[in-house]
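Start at 1 and go down the list; that is how both ligands and their atoms are numbered.
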Amino acid sequence: MSKNIKKIGVLTSGGDSPGMNAAIRSVVRTCAYHNVECVGIYRGYQGIIEGDFKPMDARSVKGIINKGGTVLKSARSKDFMTKEGRKLAHEKLIEAGIQGLVLIGGDGTFTGGMVFSKEFGFPVMGIPGTIDNDIYGTTHTLGFDTALNTVVDCIDKIRDTASSHNRLFFVEVMGRDVGHIALNAGVGAGAEEILIPEEDLGLERLLESLKRSKQSGKSSSIVVVAEGDKIGKNVFELKDYVDANMSEYEVRVSVLGHMQRGGSPSCFDRVLASRMGVKAVESLLEGKTNYMVGLINDEMALTPIDKAVKGKSKINKELLRVSDIMTT
Ligand code: F6P
């Protein structure tokens, strides 16, 4: 392994996700393993501009593999969006002797890193960290699996009260513009219907489906709604619509919100984070730049960061069919 790079910086940016700390730990320890210095950068790109750096050795990341959030903090930096801000950031990195960056975040993080890398020829490597799983070039982003487990756990609990009162619940889940969380958690929790942006069920068919399930003997129902769903009504309007058109159910709404981003990472996310951190650092040391590390066919794979940003992550359509069959 060529080791022209002697000092690597690591940062987390954008929305935090469970597994980010495990990835930081992996980056720091891989650097230590290869006798490369590692510097933690606080509050994402804003921390570079402000020189908010802290040297990290192998022991400095003890006890964080199981922690949610990010010990390096996260921020969305407006200054880094300007040329002057990025110039300042470059000066700070040079001043600190940092020769490569590992960027843990989502597409906003990668877009910033890509522009910066092109402007200054600075080596960067991305690790996808977001609960939304909306990044091309990996079947799983860090935090997605944990968020799914959180959502399924919440829906299981909501089902207890739904079935005790014969109620219909609309449960809104996160995911920004994509339906990965809704679709996977919906199947995992046995939802009657799953509304996602990738498939427009339509209000009429939603009503028909709910009526059918009532007629088939179901006394309560859970409908999982992705926050980016395109049915044309938000969850509260959906409740009003069903209230007005179906007397069979008493309807309630539950918006799960930011609890989906928190909590201790699942074993899957910890293992994935550990693998991604090793791959990211070793790729930088091999002289590679402008890639994102991802999981494809259970192997670590590199995707050019511009492709990761521009490409579309696709939902698994088979799951839609499975969900239909399961709600027979
Ligand atoms: O990208 C992660 C995410 O939690 C999305 O699911 C959600 O749409 C968004 O971030 C919420 O952002 P904020 O925390 O800024 O409200």
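- Close approach of ligand 1 to G175 is summarised as follows: ligand atoms under 4.0 Å from at least one heavy atom of the residue are 6 (O).
- Under the 4.0 angstrom criterion for non-hydrogen atoms, R76 is in contact with ligand 1.
- Residue M174 approaches ligand 1 through these ligand atoms, each under 4.0 Å from one of its heavy atoms: 4 (O), 6 (O).
- Protein heavy atom nearest atom 9 (C) of ligand 1, with residue, atom name and distance: R176 NH2, 3.6 Å.
- Side chain of S17 to backbone of L142: a donor-acceptor contact under 3.5 angstrom is found.
- The closest side-chain donor-acceptor pair between N166 and E250, if any, does not fall under 3.5 angstrom.
- Atoms of ligand 1 lying under 4.0 Å from any heavy atom of H258, numbered from 1 in the order shown and given with element: 13 (P), 14 (O), 16 (O).
- Every atom of ligand 1 with a heavy atom of E227 under 4.0 Å away is listed here by number and element: 5 (C), 6 (O), 7 (C), 8 (O).
- Clustering of Ile, Leu, Val, Met, Phe, Trp and Tyr side chains at separations under 4.5 Å places V225 together with L168, F170, L195, L201, L203, L206, L207, L210, V223, I231, V235, F236, L238, Y241, V242, M246, Y249, V251, V253, V255.
- If you look at R261 next to ligand 1, the close heavy atoms, those under 4.0 Å, all belong to the side chain.
- Side-chain contact annotation: E193 with S209, donor-acceptor N/O pair under 3.5 Å present.
- Among T161, D160, D153, the single residue meeting the side-chain hydrogen bond (donor to acceptor under 3.5 Å, both in side chains) criterion with K157 is D153.
- At the shortest separation from atom 6 (O) of ligand 1 among protein heavy atoms lies D132 OD1, 2.7 Å.
- V102 and A280 get closest at one heavy-atom pair: CG1-CB, 4.1 Å.
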